[in-house]
Asker: 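What follows is a structure written as structure tokens; I'll ask about it next.
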Amino acid sequence: MKNILLYGIAILCGTSLMAQVTFTNQSGLIGNYPDTSEVAVDMNGDYLDDYVRVSSSGIGIDYQLPDGTFNSVFYAMSIQNPPTWSVAAADIDGNGYVDLVLGNGSRVSFLFANADGTGYSETTFPEYIFSQRSNLVDIDNDGDLDAFVCHDVDESHPYRNDGNQNMVFDQNLIQTIDLAGNYASVWVDFDNDGDTDMYLTKCRQGSVPGDPERTNAMYRNNGDGTYTEMAASINMADNAQSWTTVFEDFDNDGDFDAFTVNHDDQNRFYENDGNGVFTDIIGITGIDPNDLGAWENQAADFNNDGYVDIFSEMSKELYLNNGDMTFTGYDLPFDEGAIGDFNNDGFLDVVNNGNLYINDGNSNNWVKVGLEGVDSNISGIGARVKIYGDWGIQIREVRSGEGFSHSNSLNCHFGIATNTSIDKIVVEWPSGTVDEFMNPDINTQHIIVEGSYILATTDFEIEGINLYPNPTIDIINFSLRGLENTQVNIIDMNGRIVLKTIISSENNISVSSLKSGVYFVQLEVENKTVSYKFVKR
């Protein structure tokens, strides 16, 4: 067994007792495999995070077991495109086992798990791409996962999922600026409108301030299969040689803020005003704005105090969130890696370069949520999970591919400090379905299958109504139950009523007679007239 090293830091959270954040290197529990980019994700459908390493000689997986040990398996095969720059993980083909998209300095390929997860096959693509960050996400919101891969020297590459394991290079899936310098993409609903947008962090070697190829971009999802770049209008068009950006709700106010590490000028900390417009408040956060040059940049609640911390390659590797939009920096002996819970104790651990850093935890409470999509993609990528309690609200999104190179757990993790109960968990799925789980147990993991806990009518005032699928071809379903026989008007973009109908006993309406375009559903609920936008394909 390797030497066990104990690293620790401690913080004082407000008036509470000292909350420890310590890591123990327990690398002797895992296999010794070649390593490029780390993956911390459940590969076999048991919702326990596994440690995955891919190299040119094969795939090494340390499968986490319920008793805290690992079953270490190496799948020997010749990998043509090992992920020397980035990797992203999710179940692309819906067979219950996680697949990978690999990016390196020349090509992109996909590793697909077989029907029982006992082997893998590689699908390669011939087009040249110096791939940086890679993501798996439902770009066209059709219920399956597409891929997006940043290109260092040209326009980035989207790959459309045409079903099963058929990925197609399709530049029209999302049209991004045809410029080099694409370093890290993150898919996030920054404006809280229910669909997934994309922020592109950009840097171009040798460029000078003002060059457009190094200006960060925000692609807002228009809800109709198209995206519009609008970073300047929300104050996020940074031109400071950025490497990666994290989006999390750092102040627990129900929207995502952002932190960007730069190699020129200053780092940025963007506070969201609730409407998707951002203000750089780096000067009051306690984070050194001039600590430049970081590659990796991630975020998670490592001490389970209910506030998301920053884990980055800055001089202070861990900035603990004080709960008031200020942070206190601490030193760690490691500065990057993939994040997951590798002993299922509710505290987040890190894997990096063959090392397993186990978080020793503290007395704070927690909850984890694993998702299984039905109408949405099976991995739940793009879903938003909220927990409500005495603290108010915490939110997370399920994302595949964050930071610069690694792939983190697809389980949503929440610390709740010394609170002993949670009022409810709400899951907003990409399909528009909303599930609500009342009074969940704490200090455990809950697996929520899409549609198992459909939102009740009494919660209309809080959650409203979601329409799904959106875009749609012929049927619109309503997330709110009890709407049968309700009169509905369909209104076009010119304000004209083009269809009058009634919600059926299946809680849906047919819009098959409409032409393709953008419309509004108008109806009366609880003595209020409400309207919701949808796209008819």
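From a predicted model like this one, the values you see are computed outputs, not experimental measurements. The chain is numbered in sequence order, starting from 1. The figures that follow rest on heavy atoms only: side chains count, while hydrogens, waters and symmetry mates do not.
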Asker: Strictly distance-based, threshold 3.5 Å: is any side-chain N or O of E38 a donor or acceptor partner for the main-chain N or O of V52?
Answerer: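 No: the side chain of E38 does not pair with the backbone of V52.
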Asker: Do F347 and F302 have ring centroids that are under 6.0 Å from one another?
Answerer: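 No; F347 has its ring centre 6.0 Å or more from that of F302.
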Asker: Is the distance between the ring centroids of W243 and F404 under 6.0 Å?
Answerer: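 Between F404 and W243, which both carry aromatic rings, the centre distance is below 6.0 Å.
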Asker: Before we go on, tell me: are the rings of Y219 and Y199 under 6.0 Å apart, centre to centre?
Answerer: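 When the ring centroids of Y219 and Y199 are compared, they turn out to be at least 6.0 Å apart.
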Asker: Are more than 12 heavy atoms, taken from residues, nucleotides or ligands other than D46, located less than 6.0 Å from that residue's CG atom?
Answerer: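 Counting neighbours around CG of D46, more than 12 heavy atoms of other residues, nucleotides or ligands fall under 6.0 Å, so yes.
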Asker: Would you check if the side chain of N377 reaches a backbone N or O of G143 as a donor-acceptor pair within less than 3.5 Å?
Answerer: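 No, N377 side chain to G143 backbone: no donor-acceptor pair under 3.5 Å.
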Asker: Okay, side chain of D91, backbone of I378: is any donor-acceptor separation there less than 3.5 Å?
Answerer: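 Absent.
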Asker: Using modelled atom types only, decide if a donor and an acceptor are shared between the side chain of Q132 and the backbone of S86 within a distance under 3.5 Å.
Answerer: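 Not at all, since once roles are kept as given, no pair shorter than 3.5 Å links the two residues.
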Asker: When you compare the side chains of E122 and S109, does any donor N or O come within less than 3.5 Å of an acceptor on the partner?
Answerer: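 Judged by distance alone, the side chains do pair up.
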Asker: For this output row, return yes or no: ring centroids of F169 and Y159 closer than 6.0 angstrom.
Answerer: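 When the ring centroids of F169 and Y159 are compared, they turn out to be within the sub-6.0 Å range.
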Asker: Can you name the residues that form a salt bridge (Lys or Arg N to Asp or Glu O under 4.0 Å) with D189, not counting sequence neighbours?
Answerer: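 Applying salt bridge (Lys or Arg N to Asp or Glu O under 4.0 Å) to D189 gives R384.
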Asker: Against F534, only a single residue in Y519, F478, F520 fulfils ring pair (Phe, Tyr, Trp, His ring centres under 6.0 Å); can you say which?
Answerer: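 When ring pair (Phe, Tyr, Trp, His ring centres under 6.0 Å) is applied between F534 and each of Y519, F478, F520, only Y519 qualifies.
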Asker: Is S400 reaching over with its side chain to a backbone N or O of A89, donor-acceptor style, under 3.5 angstrom?
Answerer: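 Yes, the answer is positive, given that a donor and an acceptor are paired below the 3.5 Å cut-off.
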Asker: Mind checking what makes side chain to side chain donor-acceptor pair (under 3.5 Å) contact with E296, not counting sequence neighbours?
Answerer: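 Expected list: S405.
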Asker: Has E450 got a side-chain atom pairing as donor or acceptor with V374's backbone, closer than 3.5 angstrom?
Answerer: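 Yes; judged by distance alone, with no hydrogens or angles, the pair exists.
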Asker: Does any N or O in the side chain of N164 come within less than 3.5 Å of the main-chain N or O of D93, such that one atom is a donor and the other an acceptor?
Answerer: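 Such a contact is absent between N164 side chain and D93 backbone.
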Asker: Check this for me: I475, atom CD1, are more than 12 non-hydrogen atoms of other residues, nucleotides or ligands nearer than 6.0 Å?
Answerer: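 More than 12 within 6.0 Å, yes.
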Asker: Would the distance check show the side chain of D257 and the main-chain N or O of F247 forming a donor-acceptor pair, the cut-off being under 3.5 Å?
Answerer: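 No: the side chain of D257 does not pair with the backbone of F247.
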Asker: Looking only at atom types and distance, does a side-chain atom of Q487 sit under 3.5 Å from a main-chain N or O of N489, one as donor and one as acceptor?
Answerer: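 The answer is no, because no donor-acceptor pair under 3.5 Å joins these two groups.
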Asker: Counting N and O atoms only, with roles assigned by atom type, does the side chain of H157 sit under 3.5 Å from a partner on the main chain of F148, one being a donor and the other an acceptor?
Answerer: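 Here the side-chain-to-backbone pair does not exist.
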Asker: Listed by chain and number, what are the side chain to side chain contact (heavy atoms under 4.5 Å, CB included) partners of N222, not counting sequence neighbours?
Answerer: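 With sequence neighbours excluded, N222 shows a side chain to side chain contact (heavy atoms under 4.5 Å, CB included) to R220, D224, T226, T228, given in chain and number order.
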Asker: Suppose we screen for salt bridge (Lys or Arg N to Asp or Glu O under 4.0 Å). Which residues come up paired with D152, at least two apart in sequence or across chains?
Answerer: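 D152: salt bridge (Lys or Arg N to Asp or Glu O under 4.0 Å) contacts with R204.
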Asker: Does any pair with a residue in residues 162-177 pass salt bridge (charged side-chain N to carboxylate O under 4.0 Å, His left out), and if so which ones, sequence neighbours excluded?
Answerer: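 Passing the test, one end in residues 162-177: R160-D170.
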Asker: Report the residues that fulfil salt bridge (Lys or Arg N to Asp or Glu O under 4.0 Å) with R133, sequence neighbours left out, ordered by chain and then residue number.
Answerer: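 Partners of R133 under the salt bridge (Lys or Arg N to Asp or Glu O under 4.0 Å) test: none.
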